[in-house]
Amino acid sequence: MDTPIGTIAVVGLGTMGTGIAEVLARAGHQVIGIDISDTAARRAVAALESATARAVRRERITERERGEAIARFRTSTELAAAAGAELVIEVVPESYEIKQRVFRELDAIVSPTTILATGTNALSVTRLAAESLRPERVLGLHFFNPAPAMKLVEVVSSVLTAPPAVEAVTALARSLGKEPVAVGDRPGFVADGLLFGYLNQAAAMYEANYASREDIDAAMRLGCGLPMGPLALLDLIGVDTARTVLEAMYAESHDRLHAPAPVLRQLSDAGLTGRKAGRGFYTYAEAGSQEVVPDALTPKDGGSAVAGRPVRSVGVAGSGTMASGIAEVFAKAGYDVVLAARGQEKADTAKGRIAKSLERSVAKGRLTAEARDVALDRITPAGSLDAFAGVDLAVEAVAEDLAVKQQLFGTLDKVCRPGAVLATTTSSLPVVAIARATSRPEDVIGMHFFNPAPAMKLVEVVRTVLTADDVHATVREVCGAVRKHPVDCGDRAGFIVNALLFPYLNNAIKMVEQHYASLDDIDAAMKLGGGYPMGPFELLDVVGLDVSLAIEKVLHNEFRDPGLAPAPLLEHLVAAGCLGRKTGRGFREYARR
């Protein structure tokens with residue numbers, strides 16, 4: 001296995017196999033593309049010709065380099081063509097029977113030193129290796145789609161894999177300009193292991209009619225900065241593929257979070273497998289198209305049939321970062337704002353924080369000096385909630401403590417005029433429990449902003465079973481006026497974003513607990529393979545481990561799912577006072593400021 005990797009065979013010329021072949025040929029390797037279908041082989045050649053032509057037009061390669069890459073790629077319909085390869089990468093359908101047959105046949109064809117790599121993202125590499133005569137040369141080499149663009153490659157070792165084989169393909173991946181991540185053998189590996197659990201929960205959330213497909217997708221794009229919402233991503237991956245991966249994960253983990261949501265089976269059995277079929281969670285212009293077209297589930301334009309209440313003035317209760325940010329949002333949108341805190345000094349300090357934020361916007365050219373002054377003049381700091389007597393909308397942004405919020409709403413009930421809308425920014429507490437602290441629960445609603453409020457576009461609008469229709473309409477209208485995107489959800493723990501985000505973060509922690517992969521490799525895998533703006537451990541340290549633990553406890557308490565129990569490692573770090581960046585140490589250590 002010390003033989004340099006020059007010639008590489010790619011078995012299976014579907015989308016992934018064709019993409020891998022392109023990467024290898026453009027990097028200077030002799031590539032043999034093998035597929036039982038002559039049509040697939042011709043398509044692969046045409047795809048390489050087309051991709052390299054685009055690269056020439058964009059001046060990324062020369063015409064000569066294009067010709068050389070095409071010349072390095074040849075195809076065959078016979079597995080025997082792999083005889084001279086130093087590495088074979090199989091990317092055939094996700095079936096043990098098919099993949100094991102390929103490996104058995106390759107044993108009789110290739111050299112004893114040839115490395116055999118499976119591109120599976122769902123099946124056991126160990127089980128596949130056990131079928132080979134030389135299991136020490138079998139490993140996983142999991143590229144991500146589209147292979148030419150995606151940087152991540154998961155290098156998967158089984159207990160049988162020889163270290164030289166791992167070293168050889170790791171070096172190869174780096175030479176291709178990829179970022180190899182070393183992982184152990186379990187279904188989904190790192191990136192898909194975390195990603196598909198999250199996708200499955202999103203499908204279950206949609207199936208339960210908790211939120212619309214559009215709102216679920218918008219919430220995760222705008223609330224977490226993800227490139228795609230989970231349901232749109234399921235359509236892109238293929239609903240049937242997702243179901244296969246989840247079934248493999250569940251067979252090993254027996255974790256209910258991995259048990260495929262029934263809607264995935266229903267869509268798969270009906271042939272509604274996503275973009276490739278022209279219909280999945282969404283409907284597309286045609287099979288293979290990315291253009292979403294309206295269908296029976298598409299929200300109707302025109303907004304609510306119920307008129308909202310007029311809102312001219314807003315009260316914001318609190319003096320922290322969130323309260324200041326929300327007050328800034330309303331003031332910039334033209335509302336008169338009363339910013340109330342526990343004491344005039346705290347309120348003045350909060351307004352000072354807003355002034356600095358507005359000044360930064362001016363310095364960056366996002367706001368004029370005149371607009372800054374006008375916005376700041378609209379904010380009146382107050383040392384008591386009594387100043388809310390005339391506001392049309394009161395928004396609280398105080399400590400995430402039910403007793404504290406209930407006491408505050410009891411005061412708002414007495415202070416605010418009849419007809420005023422009372423909103424809580426809670427991210428995890430039951431809104432109805434807060435509403436019941438008032439004599440007018442029909443006027444109470446959740447209005448969950450995301451931090452930093454001036455920058456984040458999402459607001460989760462949480463109505464309880466008691467919330468009046470015109471209160472709901474009011475908040476949606478106000479969200480539009482302050483240029484935020486409202487998503488509707490019911491009053492249950494985590495709403496949309498936290499209910500999907502924190503189980504994913506918890507599962508990442510469990511991977512580290514089990515010594516399955518390192519912090520750095522998991523973070524890299526999710527950024528490079530999933531398109532996440534931050535890895536899970538980066539995000540946990542930014543959010544705060546104490547905050548994360550509190551949310552995970554709320555989710556576990558509400559849904560009673562063992563898979564949602566907070567990872568012991570998170571509890572231990574919080575108990576040790578390692579809360580993330582704010583304390584200088586969380587999952588990583590940070591320089592003290």
Side-chain angles (χ1 to χ4, degrees), residues 308-309 311 313-324 326-327 330 337-343 346-347 350 382-451 453 459-476 478-479 486 488-496 498-499 547 550-551 553-555 557-559:
R309 302 175 186 178
V311 175
S313 60
V314 178
V316 179
S319 58
T321 303
M322 181 60 83
S324 300
I326 293 171
F330 280 112
V337 179
V338 179
L339 179 56
R342 289 182 298 174
K346 284 183 177 291
S384 166
L385 291 175
D386 291 341
F388 283 11
V391 301
D392 302 309
L393 168 65
V395 182
E396 70 77 17
V398 299
E400 192 73 347
D401 180 287
L402 183 58
V404 171
K405 290 184 187 291
Q406 286 174 327
Q407 183 179 17
L408 185 145
F409 270 76
T411 302
L412 292 178
D413 189 30
K414 298 171 185 174
V415 169
C416 294
R417 65 169 183 79
V421 174
L422 312 181
T424 172
T425 61
T426 183
S427 63
S428 59
L429 300 174
V431 177
V432 73
I434 297 169
R436 290 295 301 277
T438 74
S439 63
R440 40 175 159 170
E442 68 278 3
D443 290 341
V444 179
I445 193 167
M447 197 174 182
H448 180 212
F449 286 81
F450 286 73
N451 203 20
V459 175
E460 289 178 319
V461 179
V462 188
R463 64 183 304 173
T464 76
V465 292
L466 301 174
T467 304
D469 289 341
D470 64 340
V471 168
H472 174 248
T474 300
V475 169
R476 287 192 62 91
V478 166
C479 285
D488 287 326
C489 50
D491 183 21
R492 75 179 198 188
F495 310 137
I496 296 174
N498 286 347
V547 174
I551 293 172
K553 284 182 174 178
V554 168
L555 291 173
N557 186 60
E558 171 123 337
F559 297 107

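Shown here are the side-chain contact (heavy atoms from CB on, under 4.5 Å) partners of A550, two or more places apart in sequence or in another chain: there are none. Residues passing the side-chain contact (heavy atoms from CB on, under 4.5 Å) test with D392 are V311, R312, S313, R417, sequence neighbours excluded. Legend: residues meeting side-chain hydrogen bond (donor to acceptor under 3.5 Å, both in side chains) with D386, ordered by chain and number and at least two apart, are S384. Residues satisfying the side-chain hydrogen bond (donor to acceptor under 3.5 Å, both in side chains) test with S324, not counting sequence neighbours, are R353. Shown here are the salt bridge (charged side-chain N to carboxylate O under 4.0 Å, His left out) partners of K553, two or more places apart in sequence or in another chain: there are none. Evaluation of the side-chain contact (heavy atoms from CB on, under 4.5 Å) rule for A499 yields M205, L555 as partners, not counting sequence neighbours. Considering only residues two or more places apart in sequence or on other chains, A433 meets the side-chain contact (heavy atoms from CB on, under 4.5 Å) condition with L402, Q406, P430. With sequence neighbours excluded, no residue satisfies side-chain hydrogen bond (donor to acceptor under 3.5 Å, both in side chains) with R436. Remark: T411 pairs with no residue by the side-chain hydrogen bond (donor to acceptor under 3.5 Å, both in side chains) rule, at least two apart or across chains. For F330, the ring-ring contact (aromatic ring centres under 6.0 Å, His included) partners at least two apart in sequence or on another chain are Y335. By the salt bridge (charged side-chain N to carboxylate O under 4.0 Å, His left out) test, E460 pairs with no residue at all, sequence neighbours left out.
Nearest heavy atoms, A493 versus V554: CB-CG1, 3.7 Å. Between G318 and V398, the shortest heavy-atom distance links the atoms CA-CG1, 4.1 Å. Of all heavy-atom pairs spanning V461 and P486, the tightest one is CG2-CB, 3.8 Å. In plain terms, the two heavy atoms of L385 and A340 that are nearest each other are CD2-CB, 4.1 Å. Heavy-atom minimum distance, K346 versus A341: CB-CB, 3.8 Å. Heavy atoms only, all atoms of each residue included: F495 and G490 are closest at CD2-O, 3.9 Å.
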Chi angles and distances behind the side-chain contact (heavy atoms from CB on, under 4.5 Å) call for T321, N451: CA-CA 8 Å; T321 303; N451 203 20; 3.8 Å; yes
Audit row: C479, M447, side-chain contact (heavy atoms from CB on, under 4.5 Å) steps and yes/no: CA-CA 9 Å; C479 285; M447 197 174 182; 4.0 Å; yes
Set out, in order, the CA-CA distance, both residues' side-chain angles and the distance that settles side-chain contact (heavy atoms from CB on, under 4.5 Å) for C416 and R440, then state yes or no. CA-CA 11 Å; C416 294; R440 40 175 159 170; 3.6 Å; yes
Run V462 and I445 through side-chain contact (heavy atoms from CB on, under 4.5 Å) and show every step you take. CA-CA 6 Å; V462 188; I445 193 167; 5.6 Å; no
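Side-chain atoms of D491 come within 3.5 Å of backbone N or O of V432 as a donor-acceptor pair. In this structure, T425 contributes its side chain and E396 its backbone to a donor-acceptor pair below 3.5 Å.
Between E400 and L429, the closest side-chain pair of non-hydrogen atoms falls below 4.5 Å. Two residues are said to be in side-chain contact when any heavy atoms from C-beta on lie closer than 4.5 Å; T426 and V431 meet this criterion. Side-chain contact check for D401 versus K405: every heavy-atom pair is 4.5 Å or farther apart.
Going from atom CG of N557 over to atom OG of S428 covers 11.0 Å, rounded to the nearest 0.5 Å. One finds the CG atom of L393 at 8.5 Å from the OG1 atom of T474 (value rounded to the nearest 0.5 Å). The distance from atom CG of L412 to atom OG1 of T424, rounded to the nearest 0.5 Å, is 10.0 Å. A distance of 12.0 Å separates OG1 of T438 from NZ of K414, quoted to the nearest 0.5 Å. How far CG of L422 is from CG of D443: 6.0 Å, rounded to the nearest 0.5 Å.
By the 4.0 Å N-to-carboxylate-O rule, E558 lies too far from R492 to be salt-bridged with it.
No more than 12 heavy-atom neighbours from other residues, nucleotides or ligands sit within 6.0 angstrom of CD on Q407.
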Sequence neighbours left out, cut at 3.5 Å: what donor-acceptor pairs do the side chains of residues 465-472 make with other protein atoms?
unit_1: T467; atom_1: OG1; unit_2: V444; atom_2: O; d: 2.9
unit_1: T467; atom_1: OG1; unit_2: T464; atom_2: N; d: 2.9
unit_1: T467; atom_1: OG1; unit_2: T464; atom_2: OG1; d: 3.1
unit_1: D469; atom_1: OD1; unit_2: R463; atom_2: NH2; d: 2.7
unit_1: D470; atom_1: OD1; unit_2: R309; atom_2: NH2; d: 3.3
unit_1: D470; atom_1: OD2; unit_2: R309; atom_2: NE; d: 2.9
unit_1: H472; atom_1: NE2; unit_2: D488; atom_2: OD1; d: 2.7
unit_1: H472; atom_1: NE2; unit_2: D488; atom_2: OD2; d: 3.4

